[in-house]
Amino acid sequence: MTDPTPLSSLSSALADVVTRTAPSVVAVHSHRSRATGFVWKPGLIVTADEALADEGDIQISLPDGSTAAATIVGRDHTTDIALLRTDASLAPVKLAATVPPLGTLSVVVATDRDAPSAALGMVSLSGKSWRSLRGGDIDARIELDVRLRFAQQGGLALDASGDAFGMAVLGPRRVLVIPTATIERVAAQLEARGRIARGYLGLGLQPVRLDDGIGAMVMNVGKAGPSAAAGIRQGDVIVAVNDQKLSGVRALSRTLGPASVGTVVDVAVRRGGEPVSFKVTIGERPEA
């Protein structure tokens, strides 16, 4: 019997990593969409929100070939995380709190056509926290050089030791990983409340160009909203928040994350060309 080569040893180790993880990974069927999910806690499954249909029943295909029903506990479009509940008895995955360094080998354990699947790649970018285009706070920027099918997003990204460092999703022209710190934070809020608290000013805004920068014209004011209570009116033009000049309506919206709820901000406006200032207590955005 010949001694194992470094390549065969690596191959065996990777196969063992996949074998240990696959029993906690499921296929998620929602309407005409397919995705992958993994067991976060007993009875609770995390999957990619982008791959989850907006209507219809949800079924999960289990590793033993059987199926089970699932319901939505909550979903957060901004971080691409959705939480499902099922009565199926499956072992949860232990998520690692590490961010893999650049060049780390990675295996994405997922499902494809209801069967376990695996894809091997490399961490092509490992960086600091960032904010998604939808305003979600992501704790680390991790990209993978790997090819994934649509049904494989929601799968677990593992390092060569088998530690799960996040959930693989399809981003624009690349595969992104939602890191475990983000998953733990968002999934815990979804489990507790069914939604993620977002800041709310109660304003409809339209960007306008000013001689000295950019403003946001108030097009409408919610009658029961925090801005109405502070005295802001339709036609006012917001020029700064907390002495920081406004850089755009989208940038203002991105500041209204979960941590902003309940904070008091100084809003500087121009009313009929005259400067006026208001103190606004940011509220919690009501459900649609």
Side-chain angles (χ1 to χ4, degrees), residues 49-50 52 54-55 72-83 128-141 178 181-288:
D49 177 75
E50 183 73 21
L52 199 62
D54 292 330
E55 59 183 11
I72 296 176
V73 176
R75 56 196 304 181
D76 179 33
H77 301 297
T78 69
T79 57
D80 204 6
I81 295 172
L83 187 65
K128 297 179 180 180
S129 61
W130 59 291
R131 181 161 286 176
S132 73
L133 292 175
R134 293 180 175 179
D137 292 318
I138 314 296
D139 291 78
R141 180 89 185 193
I178 308 301
T182 306
I183 293 170
E184 295 283 16
R185 170 169 50 83
V186 173
Q189 292 182 61
L190 293 177
E191 181 187 15
R193 308 183 66 223
R195 61 193 296 266
I196 302 298
R198 299 290 175 194
Y200 176 66
L201 291 173
L203 296 174
L205 300 174
Q206 176 70 35
V208 293
R209 287 202 169 274
L210 306 172
D211 292 339
D212 57 350
I214 297 174
M217 179 173 285
V218 177
M219 307 303 292
N220 56 72
V221 184
K223 293 181 180 180
S227 293
I232 294 177
R233 302 175 187 170
Q234 185 178 12
D236 287 345
V237 177
I238 298 176
V239 296
V241 177
N242 286 340
D243 296 326
Q244 295 291 319
K245 280 191 173 183
L246 206 67
S247 59
V249 172
R250 180 174 291 181
L252 175 59
S253 298
R254 288 180 178 176
T255 66
L256 301 176
S260 70
V261 178
T263 62
V264 179
V265 293
D266 290 313
V267 180
V269 310
R270 291 179 186 171
R271 175 177 292 173
E274 296 297 323
V276 188
S277 180
F278 300 93
K279 289 191 177 295
V280 181
T281 301
I282 298 175
E284 182 176 340
R285 180 176 296 278
E287 294 189 58

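This one's a predicted model, so the numbers in the text were calculated from it and none came from an experiment.
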Please set out all donor-acceptor pairs under 3.5 angstrom arising from side-chain atoms of residues 212-220, sequence neighbours excluded.
{"unit_1": "Asp212", "atom_1": "OD1", "unit_2": "Arg270", "atom_2": "NH2", "d": "3.4"}
{"unit_1": "Asp212", "atom_1": "OD2", "unit_2": "Arg270", "atom_2": "NH2", "d": "2.7"}
{"unit_1": "Asn220", "atom_1": "OD1", "unit_2": "Gly204", "atom_2": "N", "d": "3.3"}

* **Over all atoms of both residues, closest heavy-atom pair of Ile178 and Thr79** => CD1-O, 3.6 Å

* Distance-minimising heavy-atom pair for Gly202 and Pro226 ->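 Where Gly202 meets Pro226 most closely, the heavy atoms are N-CD, 4.3 Å.
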
* For the side chain of Ser132 and the backbone of Thr78, is there at least one donor-acceptor N/O pair under 3.5 Å apart? ->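 Yes, because the side chain of Ser132 sits within donor-acceptor range (under 3.5 Å) of the backbone of Thr78.
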
* **Expected output: side-chain Trp130 to main-chain Ala140 donor-acceptor under 3.5 Å** => yes

* Quick one: do Val241 and Thr255 satisfy side-chain contact (heavy atoms from CB on, under 4.5 Å)? Show the steps, please. => CA-CA 10 Å; Val241 177; Thr255 66; over 6 Å; no

* Hey, are Asp137 and Arg185 close enough for a salt bridge, meaning a charged N less than 4.0 Å from a carboxylate O? -> no

So how far is it from [X] [atom1] to [Y] [atom2], rounded to the nearest 0.5 Å?
X	Y	atom1	atom2	result
Leu252	Ser247	CG	OG	8.5 Å
Gln189	Ile196	CD	CD1	4.0 Å
Leu190	Ile72	CG	CD1	11.0 Å
Asp49	Ile81	CG	CD1	9.0 Å
Arg198	Asp76	CZ	CG	4.5 Å

* **Full working for side-chain contact (heavy atoms from CB on, under 4.5 Å) between Lys279 and Asp266** => CA-CA 5 Å; Lys279 289 191 177 295; Asp266 290 313; 2.6 Å; yes

* **Set of side-chain contact (heavy atoms from CB on, under 4.5 Å) partners for Leu256, sequence neighbours left out** => Leu201, Ser260, Ile282

* Asked: Could you walk me through whether Leu203 and Val221 pass the side-chain contact (heavy atoms from CB on, under 4.5 Å) check?
  -> CA-CA 5 Å; Leu203 296 174; Val221 184; 3.9 Å; yes

* To do: Any side-chain hydrogen bond (donor to acceptor under 3.5 Å, both in side chains) involving residues 221-238? Give me the pairs, sequence neighbours left out, ordered by first then second residue.
  => Asp236-Arg271

* Asked: Could you walk me through whether Val265 and Val280 pass the side-chain contact (heavy atoms from CB on, under 4.5 Å) check?
  -> CA-CA 5 Å; Val265 293; Val280 181; 4.2 Å; yes

